[in-house]
J.: 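Here it is, the structure, as structure tokens.
All values below were derived from every heavy atom in this structure, side-chain atoms included, with hydrogens, water molecules and symmetry-related copies excluded.
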Amino acid sequence: MKGKGEMVLKSRMKWVGLVGIVLSAFSLFTHFFLARFTQEGISEFQSSVTIFSWRPVFEHAIFPPNSPLFRRLWGPVRQLESLHPDANPRQHYPADPSLQSNGFIFVRIQGGFHEIRNSICDVVVVARLLNATLVIPEIQSTTSSKGISSQFKSFAYLYSEDHFITALSRDVKIVKTLPRNLKGARRKKEIPRFKAPYLASPYFYWRHVLPVLKKHLVVELVVSDGGCMQAVLPPDLEEYQRLRCRVAFNALRFRMEVQDLATKILQRLRAPGRPFIAYYPGMTREALAYYGCAELFQDVHNELIEHKRSWMRRRGIIKGKLSVNSEEQRLNGSCPLMPEEVGILLRAHGYSWDTIIYVSGGEVFGGQRTLIPLHAIFENVVDRTSLSSPWELNRLYGREINVGSNYPRSPPSISKEQKPDAWKTDGPRPRPLPPPPARPKYPHNIEGWWGWVAESDIEPESTVMELRTNAHKLLWEAIDYFISVEADVFIPGFDRDGKGHPNFASLVMGHRLYQSASLKTYRPDRREVATLLAETRDHLYQANYTWLRSIRRHLRKSILDGLIEASTTSKSISFLSHPVPECSCSRQDPAQLQAQVGGGGLGAVQHCRGWMRSESGMQSKDKQSEEDGDEDDPASESFFKYSSENRVEGSGDMNSKEAILLNDQEELDGGER
């Protein structure tokens, strides 16, 4: 009996242990599930009750949309209202890709946001030209080796892969990955590789790439300069220009998280019920170095630009001298407009100090200190950081590996001073003082530009954290691109990048010209602006009405004159910067449109199809009212004046009568155009 009782007791103990293990496992599972649910719930709650740093300040009531002043500042460009986007095929163009493909094209793209966007459009055209199957391009800046989240893979870090494939299903066959047998060949580096020349002609691909593609059934293209196909194609290939438009403006849709956050920021910008201006400074270190604009800055920023220019000269990117007179470059229009200069232009044109200005384009070289003058002129200067919360941006990045242990945010503790043994044992006082300790070097003083500029002429390799930040910048620019395209007014500070090619601002202006050409897009002539500012530099804050009239005439003319300039300078390098007339049509008589715009800025725009012409009626009443004199404009009576105890709006020498005459004459001049 005793042995039987012990066996029963042991059996019960086993069951109790088994039940305990099951309960423990269930408890752990519940704990992890609740922890994850709570974390997601907190993030969702924080996003829904975001507390923003921007608190809009308005003094003037918004003018009625039908008032002459509102139309002059915010209204549509009357001459461009008839332009309508039309990127559909117009000539013989097989709707479906051939079932017999010549092989696969695998593409690796290097560069920044605007270079990636240009390159994707070009490689789609190349795939169509060669009758090849395109593998989703690999964006080098967003690969997993850059420390970004594993949730996204290369192309999907920025754009929606599924929408890209579906939108182009009638143009090019696109797959997400190479077949299994070709993946092994790629790992062994057995795939033929081509370094795609910048602005290569179609004949390069027909003569050099197509034979290799047919032989090996796969080729790899490396695109690094922001484009691998010439911008202006022969007339018999005009349909491929419209294919570029379908890729850029329809197929390249940002992934859902980027699209949602950009839409939220746009809604928050429009929440006060006022229109806003999107401003792109264009002040990147590479562009400033390329054009020799170092002396626009001071201290270490000057050294950074000069160091970058020296690096460009060693690699043959720049042919000119190392030392360049930045003032001469600025007067020639080769340097960006500084934020203060853009603020002066906008205030002189009539925009009040409480106008909402959204600063776009990633980071501004020189940091927020460079934007201080713009903040002094306009109260409501914002960017994505003041209109979104850190939780929203973190959700945009996804779950990233923790590399913070290698990059301490605070200085390490200094070890206790070690006194030499000789000093400890050296007789009675007074003793000689110990040698001073070596100056400790904190990691936060060595990492980054503030360390290597002082200690070395060689720029160090990018760290994992810097590579990750570069990937984040692509997302920042994607948000800014979306908002800039939708803005009521857009003005660029510079339209060239660090290689002399059209930059982010050029793509935005091209997209706006395609999607909504009548939205105001100022394209100031930097050389003329520098001359105008030099005329009144000594008495800028007491500007007379003649100077104000010159500024307003220049900005008004820049809307149309800039199109002519872009058609001759930018389009020859980047088609997307000026996608007309190939991707647009006119809802009115094209000859009448040419007469209104003047020059060759739009080219030979075709007449829209019948169903598009329903909106072509131009109301003569509105046209006549625009040519009438402007009403008394409070913002026009003075450039800067004191409106509150702490805010300087300036002081002008115009009286009300002169202001009204000025505005009347401006509207009459505008009607003549």
Side-chain angles (χ1 to χ4, degrees), residues 96-111 115-169 171-229 240 243 247 251-252 255 464 467 471 474:
D96 297 317
S98 175
L99 298 177
Q100 187 63 34
S101 172
N102 288 327
F104 294 87
I105 294 182
F106 178 79
V107 185
R108 290 191 293 120
I109 298 176
Q110 303 169 354
E115 294 171 320
I116 292 170
R117 198 170 180 89
N118 272 324
S119 300
I120 292 174
C121 298
D122 286 355
V123 298
V124 172
V125 172
V126 170
R128 175 80 187 197
L129 277 173
L130 303 182
N131 188 26
T133 300
L134 177 65
V135 182
I136 289 284
E138 180 180 284
I139 302 175
Q140 293 294 286
S141 301
T142 58
T143 54
S144 57
S145 61
K146 305 301 187 293
I148 65 172
S149 173
S150 59
Q151 295 176 247
F152 313 104
K153 182 181 178 182
S154 189
F155 186 90
Y157 192 74
L158 268 181
Y159 300 107
S160 169
E161 290 184 345
D162 295 333
H163 180 78
F164 182 73
I165 295 173
T166 304
L168 298 175
S169 59
D171 297 291
V172 180
K173 185 178 180 181
I174 304 176
V175 295
K176 292 188 176 182
T177 59
L178 286 169
R180 183 172 300 177
N181 60 325
L182 295 180
K183 284 184 179 180
R186 177 173 175 256
R187 283 193 293 267
K188 297 177 183 178
K189 298 183 179 181
E190 297 175 353
I191 294 179
R193 177 184 299 183
F194 289 88
K195 179 71 167 61
Y198 181 63
L199 300 181
S201 69
Y203 306 102
F204 167 82
Y205 295 98
W206 284 329
R207 182 177 303 174
H208 300 284
V209 180
L210 184 58
V212 178
L213 177 64
K214 289 183 176 180
K215 180 180 179 180
H216 295 274
L217 299 180
V218 61
V219 295
E220 179 179 343
L221 291 181
V222 180
V223 185
S224 60
D225 292 323
C228 59
M229 175 67 68
Y240 291 91
L243 174 57
V247 177
L252 285 180
R255 62 179 167 93
V464 176
L467 294 174
L474 296 178

J.: How far apart are the closest heavy atoms of Phe164 and Ile136, and which atoms are they?
T.: CD2-CD1, 3.7 Å
J.: Are Glu138 and Phe106 close enough, and set up right, to give a side chain to side chain contact (heavy atoms under 4.5 Å, CB included), and what steps lead you there?
T.: CA-CA 8 Å; Glu138 180 180 284; Phe106 178 79; 3.9 Å; yes
J.: List the residues meeting salt bridge (charged side-chain N to carboxylate O under 4.0 Å, His left out) with Glu190, not counting sequence neighbours, and say none if there are none.
T.: none
J.: If the condition is ring pair (Phe, Tyr, Trp, His ring centres under 6.0 Å), which residues does His163 pass it with, not counting sequence neighbours?
T.: none
J.: Would you check if Leu168 and Val124 make a side-chain contact, meaning some heavy-atom pair closer than 4.5 Å?
T.: yes
J.: Listed by chain and number, what are the side-chain contact (heavy atoms from CB on, under 4.5 Å) partners of Leu217, not counting sequence neighbours?
T.: none
J.: Could you pull out all residues at least two apart from Ala156 that satisfy side-chain contact (heavy atoms from CB on, under 4.5 Å)?
T.: Glu161
J.: Measure across Asn118 and Gly226 and return the closest heavy-atom pair with its distance rounded to 0.1 Å.
T.: CB-O, 3.1 Å
J.: Find out whether Leu158 and Arg255 are in side-chain contact, i.e. whether some heavy atom of one side chain is under 4.5 Å from a heavy atom of the other.
T.: no
J.: Go through Phe194 and Tyr205 one step at a time and tell me if the ring-ring contact (aromatic ring centres under 6.0 Å, His included) criterion holds.
T.: CA-CA 10 Å; Phe194 289 88; Tyr205 295 98; 8.5 Å; no
J.: Nearest 0.5 Å, please: how far is CZ in Arg128 from NZ in Lys173?
T.: 14.0 Å
J.: Let me confirm one number: the OG-CE distance from Ser201 to Met229, rounded to the nearest 0.5 Å.
T.: 8.0 Å
J.: Please report the shortest heavy-atom distance between Ile191 and Leu182, naming the atom on each side.
T.: CD1-O, 3.9 Å
J.: Verify, without hydrogens or angle tests, whether Asn131 (side chain) and Asn102 (backbone) share a donor-acceptor contact under 3.5 angstrom.
T.: no
J.: Testing the basics here: between Leu178 and Val135, what is the closest heavy-atom pair and its distance to 0.1 Å?
T.: CD2-CG2, 3.6 Å
J.: I'd like to check the side chain to side chain donor-acceptor pair (under 3.5 Å) partners of Ser224; sequence neighbours left out, ordered by chain and number.
T.: Lys195
J.: Quick one: pull up CZ in Phe204 and CG in Leu129 and give me the separation to the nearest 0.5 Å.
T.: 12.5 Å
J.: Rounded to the nearest 0.5 Å, how far does CG of Asp122 lie from SG of Cys228?
T.: 4.5 Å
J.: Could you tell me which non-hydrogen atom of Val172 sits nearest to which non-hydrogen atom of Ala132, and how far apart they are?
T.: CG1-O, 4.0 Å
J.: For Asp162, give me all partners under side chain to side chain donor-acceptor pair (under 3.5 Å), at least two apart in sequence or on another chain.
T.: Lys176
J.: Could you tell me the separation between the CG atom of Leu213 and the OG atom of Ser101, rounded to the nearest 0.5 Å?
T.: 7.0 Å
J.: Listing request: all salt bridge (Lys or Arg N to Asp or Glu O under 4.0 Å) pairs with a residue in residues 206-228, at least two apart in sequence or in separate chains.
T.: Arg108-Glu220, Arg193-Glu220, Asp225-Lys499
J.: Could you walk me through whether Val223 and Tyr198 pass the side chain to side chain contact (heavy atoms under 4.5 Å, CB included) check?
T.: CA-CA 8 Å; Val223 185; Tyr198 181 63; over 6 Å; no
J.: Please identify each residue that fulfils side chain to side chain donor-acceptor pair (under 3.5 Å) with Ser160, with sequence neighbours left out.
T.: none
J.: Verify, without hydrogens or angle tests, whether Ser119 (side chain) and Ile109 (backbone) share a donor-acceptor contact under 3.5 angstrom.
T.: no
J.: Got a sec, which residues hit side chain to side chain donor-acceptor pair (under 3.5 Å) with Tyr159, two or more places apart in sequence or on another chain?
T.: Arg117
J.: Has Thr133 got a side-chain atom pairing as donor or acceptor with Phe104's backbone, closer than 3.5 angstrom?
T.: no
J.: Do you know which two heavy atoms are closest between Leu134 and Ala127, and how far apart they sit?
T.: CB-CB, 4.0 Å
J.: CD1 of Ile174 to OG of Ser169: how many Å apart, nearest 0.5 Å?
T.: 8.5 Å
J.: Taking C-beta and beyond as the side chain, do His208 and Tyr203 meet within less than 4.5 Å on heavy atoms?
T.: no
